[in-house]
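Everything below concerns the one structure shown next.
Order of appearance sets the numbers: ligands from 1, and atoms from 1 within every ligand.
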Amino acid sequence: MAEREAKQRAGFLRGEIERHNHAYYVLDAPSIPDAEYDKLFRELQELEAAYPELLTPDSPTQRVGGSPLAAFASVRHAVPMLSIKTETDTGAGGALAFDARVRKALALPAAALPVEYAAELKFDGLAISLRYEQGRLTQAATRGDGETGEDVTQNIRTIRCIPLRLASEAPAMLEVRGEVYMSRPDFERYNERQRQLGKPALVNPRNAAAGSVRQLDPKIAADRPLSFYAYGLGETAGWDLPATHSGVLDALAGFGFPVCKHRIVARSPEELVAFHAEILALRDKLPFDIDGVVYKVNALAQQKELGFVSREPRWAVAHKYPPQEALTTVEAIEVQVGRTGAITPVARLAPVFVGGVTVTNATLHNEDEVRRKDVRVGDTVIVRRAGDVIPEVVSVLPERRPILAPEFVMPVRCPICDSAIERPEDEAIARCTGGLYCPAQRKQALLHFASRRAMDIEGLGEKLVEQLVDGGLVQTPVDLYRLALEPLAALDRMGEKSARNLIAAIEQSKTPSLARLIFALGIRNVGETTAKDLARHFGSMEGLMAAAGDEERLQQIPDVGPVVAAAIAHFFAEPHNVEVIRGLAAAGVCGEPLEPVAMDSALSGKTFVLTGALPTLAREEAKALIEAKGGKVAGSVSKKTDFVVAGSEAGSKLDKARALGRIILDEQQLMELLNT
Ligand code: IVH
């Protein structure tokens with residue numbers, strides 16, 4: 001490609017990539033599939049590698065590029081970054097007091113028209129000033145002391161929703177102010193990953209945002225999922241400013257910045273009060289933390305007239321909400337047992353009102369987290385409850401620790417069923433090995449057992465399982481098949497008719513496919529697909545049970561790796577689980593070896609020839625699988641042969657298949673074909 005052409009193409013690609021970025025990260029409306037985006041991105045990377053002189057700092061390939069800094073350079077803000085006054089009254093009074101102050105300062109008579117306000121969210125992150133010259137991001141700075149901040153451009157460039165280049169109508173010089181934050185889902189995901197890797201988790205989204213932006217190594221910042229909302233301006237040049245703050249935000253959205261949609265123009269203080277209440281009701285559902293709302297006088301001319309007092313604008317105020325973090329004490333540390341036996345340490349707390357509810361428990365996630373935070377009974381701790389996520393202990397105040405506070409020790413046996421608790425060396429999660437026998441796991445396990453894709457027992461929902469287990473009617477899935485009408489009908493919201501229906505549904509579930517039955521057992525890491533593979537391979541529950549102790553043998557099955565093999569071995573090593581399976585069989589529940597032959601299967605009527613030794617399947621097994629799908633297995637290759645399945649040391653049959661141009665499959669391809 002000629003250099004001129006390459007340059008043109010690179011420009012085109014950058015424009016396209018930026019456009020898709022904007023759709024994805026700002027508008028939340030992806031405009032092309034990820035794979036297509038990746039293709040454009042790779043093409044641009046290749047072009048830039050071939051023509052390094054084409055590389056520009058505002059290229060989307062250059063978001064993460066810089067090397068670690070020794071220290072941040074200082075940036076003097078042309079327009080200071082001020083803070084805003086906080087209205088301490090968290091009730092309606094806050095909005096009314098602000099309006100009264102504004103009217104007085106503007107010397108408006110009582111009868112004058114209402115002042116117009118822009119109301120928006122008060123994001124709980126880190127304030128940032130972004131400087132664009134000729135539409136290109138040239139500098140990003142923290143607030144610092146308001147006069148001088150730190151140059152964090154390298155880190156800010158890694159935030160995908162911040163444009164590196166602006167739409168062409170953007171002013172020649174533009175400073176945009178806003179908040180860098182970490183969304184709650186991103187925060188949870190990031191921490192989950194950290195915990196799984198046994199690495200320290202981030203404390204809360206605000207610290208996460210502030211800490212990430214202030215990393216000297218841009219690669220660390222790039223690894224942290226950050227977002228941004230624009231809420232105001234710094235210095236500008238060459239721009240005929242809109243008349244109102246809301247107009248400014250509209251314009252910023254038009255230039256490509258993320259602007260939060262939860263904003264209004266209020267024409268009375270009552271509307272501010274209503275906004276405050278509405279957003280409070282919405283707070284838990286927002287995907288990011290806010291600590292209040294902000295009211296701003298909408299007309300920029302009035303803002304100018306109002307000016308500042310003691311470094312705070314008279315035209316804006318923050319109307320806060322009750323905090324999402326609070327102090328309380330740890331009364332006990334217990335462990336909870338989840339569906340797959342995962343043991344979660346939980347702090348029992350002195351009741352504390354936080355994030356809109358009274359919190360008495362908070363998760364400590366896992367053993368390593370308890371150690372890392374060093375949480376002990378008697379400790380004073382910060383608890384956090386934000387959104388509808390489970391409250392968690394953020395940190396301990398060590399100076400308030402009582403003298404005798406023993407360290408937390410993970411129990412070695414399940415507090416519910418007394419089975420061994422085990423924690424594989426390379427995992428963060430300890431688990432109860434009790435499986436279906438453990439009452440705490442039983443309810444969830446029963447629900448899974450009855451679920452649509454497992455035994456498909458209609459009507460056996462959460463409420464009912466709860467009653468059945470708590471009432472002692474059902475301990476293991478085996479008991480379902482022994483349920484009598486009378487006690488069932490006597491349950492809450494049941495009656496005879498529902499009880500009859502349920503018993504019929506349970507009866508009907510007695511002949512699942514073997515694959516469904518295996519899936520229904522809820523063996524860790526054994527999903528539907530693996531259950532099918534196991535059913536095919538072993539043909540019967542007995543076969544599976546006989547082989548389950550031999551992890552190496554299990555790994556011969558396609559797609560069964562060491563983790564799955566270990567989980568299967570573990571499950572069957574627990575006598576209680578084996579008892580359940582035997583009990584099911586005794587009750588008449590046994591898996592049919594294979595799904596019934598699908599008459600309209602793509603394989604029905606097709607002829608296969610097997611030759612050579614297949615890596616995992618015996619010839620008879622392969623034959624049975626093919627026949628189960630309606631295929632035929634013939635002994636020799638002819639023009640009528642559709643597929644030849646060839647293993648190692650396949651001889652003349654393979655040669656003949658090639659000569660006749662038949663389709664040749666290996667075992668893996670055969671399995672894929674059978675699975676379609
Ligand atoms: S306006 C001159 N609007 O709150 C007014 N600030 O004390 C400048 N903040 O740390 C601020 N959301 O980062 C404004 N919608 C919003 C805001 C907001 C959060 C933060 C800001 C600063 C503090 C102001």
- Query: Would the number of heavy atoms belonging to other residues, nucleotides or ligands and lying under 6.0 Å from OH of Tyr24 be above 12?
  - Reply: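 No.
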- Item | Exceeds 12 heavy-atom contacts within 6.0 angstrom, atom CD of Glu235 |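 Correct, the count exceeds 12.
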- Message: What I want to find out is whether Asp284 reaches Arg385 closely enough, with some N-O distance under 4.0 Å, to be called a salt bridge.
- Response: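 Salt bridge present between Asp284 and Arg385.
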- Message: Quick test of your reading of the model: are Arg376 and Asp374 salt-bridged, counting only N-O distances below 4.0 Å?
- Response: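 Salt bridge: yes.
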Any protein N/O atoms within less than 3.5 Å of an N/O atom in ligand 1? List the atom names and distances, or say none.
residue: ligand 1; atom: 3 (N); partner: Lys296; partner atom: NZ; Å: 2.9
residue: ligand 1; atom: 4 (O); partner: Lys122; partner atom: NZ; Å: 3.2
residue: ligand 1; atom: 7 (O); partner: Ile84; partner atom: N; Å: 2.9
residue: ligand 1; atom: 12 (N); partner: Phe123; partner atom: N; Å: 3.0
residue: ligand 1; atom: 13 (O); partner: Glu179; partner atom: OE1; Å: 2.4
residue: ligand 1; atom: 13 (O); partner: Tyr231; partner atom: OH; Å: 2.6
residue: ligand 1; atom: 15 (N); partner: Glu120; partner atom: OE2; Å: 2.9
residue: ligand 1; atom: 15 (N); partner: Leu121; partner atom: O; Å: 2.9

- Message: Test of understanding: with salt bridge (Lys or Arg N to Asp or Glu O under 4.0 Å), list the residues that count as partners of Arg283, not counting sequence neighbours.
- Response: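 Counting only residues at least two positions away or on another chain, Arg283 forms no salt bridge (Lys or Arg N to Asp or Glu O under 4.0 Å).
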- Query: Should the pair Phe98 and Tyr117 be assigned to parallel (<30°), tilted (30 to 60°) or perpendicular (>60°) ring geometry?
  - Reply: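 Because their plane-to-plane angle lies in the 30° to 60° range, the rings of Phe98 and Tyr117 count as tilted.
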